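Heads up: the structure comes next, in structure tokens.
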Amino acid sequence: MTVSLKHAPFRDDQLCGACGASFVPEEDSGSKMIAISPAGAEPFTALMCGGCHSKWSHGSTVTLRPMPRAVR
């Protein structure tokens with residue numbers, strides 16, 4: 001399994017995959033895209049706003065909704 005976490009600026013407004021907040025990732029320096037790629041399965045990608053990324057990286061559990069395929 002491969003897990004990737006990186007800053008991912010997008011041109012369009014996106015919703016946070018954890019809290020659902022609408023934000024502009026290019027203006028949110030803390031936004032991160034997480035991609036989980038299990039061997040032999042389709043990858044799961046989700047966007048986290050800076051606040052949710054901070055909570056998750058400090059030990060809070062978050063439930064993520066996947067990004068729409070068109071913007072991955």
Side-chain angles (χ1 to χ4, degrees):
M1 177 180 296
T2 302
V3 177
S4 170
L5 182 67
K6 62 182 177 179
H7 178 68
F10 293 92
R11 293 184 192 145
D12 301 324
D13 292 0
Q14 299 291 321
L15 297 179
C16 174
C19 70
S22 179
F23 68 103
V24 181
E26 290 177 330
E27 296 175 1
D28 182 356
S29 62
S31 65
K32 303 284 190 246
M33 184 172 68
I34 187 167
I36 302 170
S37 302
E42 188 168 331
F44 172 89
T45 57
L47 186 66
M48 286 189 282
C49 67
C52 288
H53 172 257
S54 178
K55 290 174 191 173
W56 175 73
S57 66
H58 286 93
S60 294
T61 299
V62 296
T63 301
L64 296 171
R65 291 175 293 281
M67 290 181 66
R69 288 186 176 279
V71 294
R72 290 183 189 176

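No experiment lies behind these values; they were computed from the predicted model shown.
The side-chain contact (heavy atoms from CB on, under 4.5 Å) search around Leu5 returns Lys32, Ile34, Met48, His53, Trp56, not counting sequence neighbours. Applying the side-chain contact (heavy atoms from CB on, under 4.5 Å) criterion to Ser37, with sequence neighbours excluded, gives Thr2, Pro43. For the side-chain contact (heavy atoms from CB on, under 4.5 Å) test, residues two or more places apart in sequence or in another chain that qualify with Ala18 are Cys16, Cys52, Val62, Leu64.
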